[in-house]
2 protein chains.
Amino acid sequence: MNLNQGAVSSLTVTDETAETFDHEEMLGRVASTLRRADLAVLAAKEPPLRKVGVSGSLYAVLANLEVTPGLTGAELARVVGVTPQAITPLVVKLVERGLIERRTHPRHANIQELQLTDSGRRETARADRIMLHLDNHIRDSLGDEDYQRLRVLLDVVVKSMPSWVPPPDESS
Amino acid sequence: MNLNQGAVSSLTVTDETAETFDHEEMLGRVASTLRRADLAVLAAKEPPLRKVGVSGSLYAVLANLEVTPGLTGAELARVVGVTPQAITPLVVKLVERGLIERRTHPRHANIQELQLTDSGRRETARADRIMLHLDNHIRDSLGDEDYQRLRVLLDVVVKSMPSWVPPPDESS
DNA sequence: TGTGCCGTATCAAAGTCTTGATACTCTCGT
DNA sequence: ACGAGAGTATCAAGACTTTGATACGGCACA
C-alpha cells in the first residue's frame, strides 16, 4: 500500500492565524477523497487476492493479458501505470509459475509478446471472480444509476489530468 | 507509484472459449476505473509537489497535521493509510527539516504528539496551493454539480468497503 | 494492588518500485 | 545502403513501504 495523502478526521479545528484556508474543505477535495476511496478498495481486495495466490500487481498483469493477449512488457507497463523495469520481475514470477508464456515477436528478435497459458487463464478467472464480487458490492451500495455515473465521472477525471499544468511557485 | 491494476486499452477482443466473461466490461468496472483515476492524479501531482520540496507522502503527513494538530504517529498512520512503521522515517525527516515538532504527551511518557512549526505551516501552504489548483482543474472539467456529486459517490464507496466480505474460493 | 490487555514506538529484514544507465533491434530518411 | 532515431529489455543502485518482532506505558477489572 502506498500512502500519499488520504485523510479523514472528525475534528473541529479551533481556529488559526490569518493566512489559513478552509481546513474542513481541504480534506474533502476530490483529489483527497479519490485517494481515500482507492486506498479503501485496495485494502479490501488485497487479502482475498493473495488467498488465491496473486498480489494486486500480478493480478493487474494477468487481467490485462486476458483482455489484450500479446502485449509486450513495455506496453504492459504503460497500460498498468508503472515503469518497464517494474514489469520484468512480475513477468519472471508469472512465467516461473507457468501462468504466462513469453514468445519472441515474429519480426522483432528483441521484444517478447506475453500471453496467458491455459493454467494462467484458470487462475485469472479465480481472481477475477473476487473482483467481480467486489464490484457488485459497490454497485449494490450505489445503485445502478449512480454506479454508472461514477464510472463516467472517473473517466472524465482520468482524461482531464494530462491537460493540467501546475501553477508557478510564487514563494515571493 | 504503485501499480495494482489500472488498465485501459482500445482493443476489440476477437472471441474466446466458453468460460470467458465480458472482457470489455472487465476493465471498465468501478474498481478499475477508480484505480486509473487515482494513478492519473498521483502522476500529475507528484512532480510539482517535489518541486516545492515534499514527496506525496510527506505532504499527506503535513496536511493532516495542519488539520489535526497533536496527532500521534500511530494515529497519523491510520488516517493516512499506512503502517505505523512507515510513519517514523517520515516524521524523522520532517523534524530534521524543522517543519514539525515532536512533543511528548503530557500523560504518556511513551507517545509523542506531532505539530507543525511556523516554518512547516509555510511549506505546507506552498504545497497546498498546488493541490488546490489541481482540484480546481478537476472542478472545471466536471462542472460544479458533477464535482460535488463525485465527492459524494466516492464517499459512499469508502464507507461501503468495510462491510464487504470476500466470496469463498470455490475452486471445485 | 496486581495482572492482563491494548496502544504506541522502534529495530530489523524482506519486498517492491523508481531512477539511472546500457545494449540491442527495427524503422525511416537521406 | 547506411546512419540516426525510436522503442524495448535488462542490470544496478537507491528509495520507500510492508511484515515480523520487541519493548514500554497506561487502563480496566478482579
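Only this structure's heavy atoms are used, side chains among them; waters, hydrogens and symmetry mates stay out. Naming: A, B, ... by sequence-line order, numbering from 1 per chain.
- For the helix from dT1(C)-dA30(D) to dT30(C)-dA1(D), the rotation axes defined at the first and last 5 base pairs enclose an angle of 30°, given to the nearest 10°.
- Separating the CZ atom of R78(B) from the P atom of dT17(D) is a distance of 18 Å, rounded to the nearest angstrom.
- Here the side chain of S57(B) is nearest to one of dT17(D), dC17(C), dT19(D), namely dT17(D).
- One finds a side-chain N or O of R102(B) lying less than 4.0 angstrom from the OP1 or OP2 phosphate oxygen of dT10(C).
- The distance between atom CD of E46(A) and atom C1' of dT18(D), rounded to the nearest whole Å, is 11 Å.
- Between dT8(C), dT10(C), dT18(C), one nucleotide has an atom nearer to the side chain of V82(A) than all others, and that is dT18(C).
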Listing, residues 154-167 of chain B side-chain donor-acceptor contacts under 3.5 Å, not counting sequence neighbours, or none:
residue: S160(B); atom: OG; partner: V156(B); partner atom: O; Å: 3.4
residue: S160(B); atom: OG; partner: V157(B); partner atom: O; Å: 3.0
residue: S163(B); atom: OG; partner: H137(A); partner atom: NE2; Å: 3.3
residue: S163(B); atom: OG; partner: S160(B); partner atom: O; Å: 2.9
residue: W164(B); atom: NE1; partner: H133(A); partner atom: ND1; Å: 2.9

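- Judged by distance alone, the side chain of S119(A) and the main-chain N or O of L99(A) form no donor-acceptor pair under 3.5 Å.
- Note: CG (L71(A)) to P (dA9(D)) measures 11 Å, nearest angstrom.
- Taking for each of T83(B) and P84(A) the nucleotide of DNA chain D with the nearest heavy atom, the 5'-most of the two is the partner of P84(A).
- For R50(A) and dG15(C), the shortest distance from a side-chain N or O to OP1 or OP2 is not below 4.0 Å.
- Under the side chain to side chain contact (heavy atoms under 4.5 Å, CB included) rule, Y59(B) has a single partner from V52(B), N64(B), V54(B), which is V54(B).
- Nearest nucleotide to the Q112(B) side chain, out of dA21(D), dT10(D), dA9(C): dA9(C).
- Counting to the nearest Å, the C1' atom of dA23(D) and the CD1 atom of I111(B) are 16 Å from each other.
- Between atom CG of residue L94(B) and atom CD1 of residue I100(B) there is a gap of 4.5 Å, rounded to the nearest 0.5 Å.
- Distance from the side chain of L90(A) is smallest to dC17(C) among dT10(C), dG20(C), dC17(C).
- The CG-C1' distance, from L39(A) to dT18(D), rounds to 14 Å in whole Å.
- Counting any heavy atom pair closer than 4.0 Å across all strands shown, T72(A) reaches sugar-phosphate atoms only and no base atom.
- Residue K93(B) contributes atom NZ, which lies 8 Å from atom P of dT17(D) at whole-angstrom precision.
- The listed nucleotides are dT8(D), dT18(D), dT18(C); the one nearest the side chain of A74(A) is dT8(D).
- Of the candidate nucleotides dT8(D), dT18(C), dT8(C), dT8(C) has the atom lying nearest to any side-chain atom of E75(B).
- Distance from the side chain of Q85(B) is smallest for dA12(C) among the nucleotides dA9(C), dA12(C), dC16(D).
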Kindly list each side-chain donor-acceptor pair under 3.5 angstrom involving residues 76-89 of chain A, sequence neighbours excluded, with atom names and distances?
none

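- Side-chain N or O atoms of E46(A) include none that pairs as donor or acceptor with a backbone N or O of S55(A) at under 3.5 Å.
- Checking each of L114(A), L90(A), L71(A) against V61(A) for a side chain to side chain contact (heavy atoms under 4.5 Å, CB included) leaves exactly one that passes, namely L90(A).
- Protein atom CG of L76(B) is 13 Å distant from nucleotide atom P of dT10(C), rounded to whole Å.
- Looking only at side-chain heavy atoms (C-beta outward), R29(A) and M131(B) come within less than 4.5 Å of each other.
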